[in-house]
2 protein chains.
Amino acid sequence: MTQIKQSSRDKILSAAAEVAREAGAGRLSLDAVAARAGVSKGGLLYNFPTKASLMRALVETFLTNFEQELDASHTAQDGLLSAYIKLSAIECAEAQHGATGVLAAIAEDPDFLKPIAAFKRRLLDRLKSESDDFGSLLVIYLALEGMRSLKLFETEVLTSEERDLAVESMLKIGAGRERNSTASL
Amino acid sequence: MTQIKQSSRDKILSAAAEVAREAGAGRLSLDAVAARAGVSKGGLLYNFPTKASLMRALVETFLTNFEQELDASHTAQDGLLSAYIKLSAIECAEAQHGATGVLAAIAEDPDFLKPIAAFKRRLLDRLKSESDDFGSLLVIYLALEGMRSLKLFETEVLTSEERDLAVESMLKIGAGRERNSTASL
DNA sequence: TTGACAATACCGTCCAGACGGTACAGTAGC
DNA sequence: GCTACTGTACCGTCTGGACGGTATTGTCAA
């Protein structure tokens with residue numbers, strides 16, 4: 001019972017992300033999402049009573065997924081910064097990811113930026129506490145933010161080789177500055 | 001005559017950016033823009049026959065303004081990279097800038113990303129030709145992209161002091177790598 | 001074991017309102 | 001008298017969401 005509910009919710013959420021990517025973030029309609037998810041509009045509205053609740057779920061699942069993956073990667077041998085760099089690299093190398101749905105949520109209501117901003121700030125503070133060179137950390141943090149931004153907008157500005165080179169440089173800059181770490185490349 | 005037309009156009013363009021920022025990028029309506037600009041809807045549609053043409057103008061003016069400012073900053077004493085870093089810093093420190101309108105255009109139609117991506121790629125290639133250390137350049141380029149992204153979404157993740165520190169670090173990383181003097185554009 | 005009922009998970013229809021866009025008559029200033 | 005609008009009225013379309021209906025599954029007393 002929870003199985004069916006879960007899969008239906010997930011289908012809707014990924015359908016929403018797909019529609020947002022194809023039609024444009026501001027052109028996400030419930031009808032289109034329902035059609036994409038193979039669900040009737042009534043069914044969609046059963047799972048998400050309002051459009052706003054769908055958007056909220058889109059943002060929340062994205063953030064919690066990311067945090068879980070980050071915590072999973074952040075093991076003993078990898079410092080948080082290295083884990084964050086590598087996770088971001090993997091995410092940006094993937095063919096598609098759920099961030100386009102987040103963009104749709106923001107287009108719908110700019111208030112959705114608040115939890116995202118809080119999340120980012122919390123992450124930066126965590127990174128800050130593990131670094132000795134705040135200046136370099138900031139540059140790396142911003143560079144990852146930039147990489148994610150380019151990916152988010154699906155503008156293929158960088159080639160995959162350039163992205164790899166950028167990640168390599170970041171690890172080189174960041175590795176030496178990580179507190180108590182045996183950072184490997 | 002061109003004066004009046006220009007000021008009216010500009011009023012509409014900045015009004016569109018304001019509406020986008022306040023209501024959300026995906027909630028930009030012509031009625032709201034007209035009201036904001038102190039112009040009738042007829043007047044707006046006289047200047048911009050379709051919504052798409054308004055969006056196009058929003059993107060174009062943003063890109064051309066940026067390129068003009070960059071070329072103006074890029075003097076003999078300042079290399080292109082330094083100029084780009086400083087210009088980005090100034091832009092991100094400003095209370096508001098026109099990029100929110102660009103976001104609205106993207107929300108309306110993802111195709112508007114194409115000219116933006118082309119612009120970014122051209123800029124990166126120009127920077128590339130003036131640098132000896134492509135890895136560091138990429139990190140700086142991405143960091144500026146990230147800074148602009150944070151500003152674009154108006155998420156005040158970084159304090160102004162942190163932003164200054166980041167810029168300082170970028171200049172430090174980038175300055176030594178800049179290929180001196182005669183740069184062929 | 002079965003029949004009555006209830007909760008879940010949808011479907012299909014309908015509608016008020018918002019939106020982009022058109023048309024056009026009027027007018028202020030150069 | 002032309003340019004550059006204003007103001008209003010209107011149309012067709014789309015959208016979010018409300019609502020009533022329904023099939024399936026689960027629960028529980030008799």
Side-chain angles (χ1 to χ4, degrees), chain A residues 1-59 101 103-112, chain B residues 1-59 101 103-112:
Chain A
M1 57 189 202
T2 318
Q3 267 184 338
I4 295 158
K5 186 186 167 190
Q6 274 288 72
S7 89
S8 205
R9 259 187 75 99
D10 290 348
K11 257 198 297 181
I12 291 169
L13 286 174
S14 51
E18 284 169 40
V19 170
R21 191 168 52 247
E22 281 162 31
R27 291 217 180 279
L28 185 124
S29 75
L30 296 187
D31 287 287
V33 173
R36 227 329 139 74
V39 166
S40 76
K41 195 173 175 183
L44 190 154
L45 287 165
Y46 176 81
N47 285 281
F48 302 99
T50 63
K51 194 181 187 183
S53 73
L54 172 62
M55 297 303 174
R56 201 176 315 121
L58 232 34
V59 173
L103 200 57
I106 293 166
E108 195 73 21
D109 186 350
D111 282 352
F112 282 118
Chain B
M1 56 189 200
T2 318
Q3 265 185 338
I4 296 159
K5 187 188 168 190
Q6 274 286 72
S7 92
S8 203
R9 260 186 74 99
D10 289 350
K11 257 198 297 182
I12 291 168
L13 287 173
S14 50
E18 284 170 39
V19 170
R21 191 167 52 243
E22 282 162 32
R27 291 215 180 282
L28 186 126
S29 74
L30 295 187
D31 288 287
V33 172
R36 226 326 138 74
V39 166
S40 74
K41 193 176 173 182
L44 189 155
L45 287 165
Y46 178 80
N47 283 281
F48 302 99
T50 64
K51 195 181 186 183
S53 73
L54 172 61
M55 298 302 175
R56 201 177 314 121
L58 231 35
V59 173
L103 201 56
I106 294 165
E108 193 73 19
D109 186 349
D111 281 352
F112 282 118

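Computed from a predicted model, the values in this text were never measured in an experiment. We name chains A, B, ... by the order of the sequence lines, and we start the count at 1 in each one.
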(message) Among residues 48-56 of chain A, which ones have heavy-atom contacts with DNA chain D below 4.0 Å?
(response)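 Going residue by residue through residues 48-56 of chain A, the ones with a heavy atom under 4.0 Å of DNA chain D turn out to be A:T50, A:K51.
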
(message) Using a 4.0 Å cut-off on heavy atoms, which residues in residues 22-34 of chain B reach DNA chain D? List them by number, or say none.
(response) none

(request) State which residues pass side-chain contact (heavy atoms from CB on, under 4.5 Å) with A:L58; sequence neighbours excluded, sorted by chain then number. (result) A:L13, A:A16, A:M55

(message) Going by side-chain contact (heavy atoms from CB on, under 4.5 Å), name the residues that satisfy it together with A:A17, two or more places apart in sequence or in a different chain.
(response) A:T100

(message) With salt bridge (charged side-chain N to carboxylate O under 4.0 Å, His left out) as the rule and sequence neighbours excluded, what pairs involving residues 45-56 of chain B come up?
(response)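 Sorted result for residues 45-56 of chain B: B:K51-B:E108.
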
How many angstroms lie between atom [atom1] of [X] and atom [atom2] of [Y], to the nearest 0.5 angstrom?
| X | Y | atom1 | atom2 | result |
| --- | --- | --- | --- | --- |
| B:T50 | B:L45 | OG1 | CG | 8.5 Å |
| A:I12 | A:N47 | CD1 | CG | 4.0 Å |
| A:K41 | A:L30 | NZ | CG | 6.0 Å |
| A:L103 | B:L103 | CG | CG | 6.5 Å |

Those residues that, when tested against [X], pass salt bridge (charged side-chain N to carboxylate O under 4.0 Å, His left out) (two or more places apart):
| X | value |
| --- | --- |
| B:R21 | B:E154 |
| B:D109 | none |
| B:R36 | B:E18, B:E22 |

(request) Return the nearest nucleotide to the side chain of B:S40; candidates are C:dC11, D:dC5, D:dT6. (result)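 The answer is D:dT6, which lies nearest to the side chain.
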
(request) Using whole Å, report how far CG of A:L44 lies from P of D:dA18. (result)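 To the nearest whole Å, that distance equals 13 Å.
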
(message) In this structure, how many angstroms lie between the C1' atom of D:dA4 and the CZ atom of B:R9, rounded?
(response) 14 Å

(request) Grab the two heavy atoms, one from B:V59 and one from B:F112, that are nearest each other, plus how far apart they are. (result) CG2-CD2, 4.2 Å

(message) Please confirm whether the shortest side-chain N or O distance from A:Y46 to OP1 or OP2 of C:dA9 is below 4.0 Å.
(response) yes

Protein-nucleic acid N or O pairs under 3.5 Å, nucleotides 14-16 of chain C:
none

(message) Within the 4.0 Å heavy-atom criterion, would you say B:L45 contacts the bases, only the backbone, or no part of the nucleic acid?
(response)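 Result for B:L45 = base.
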
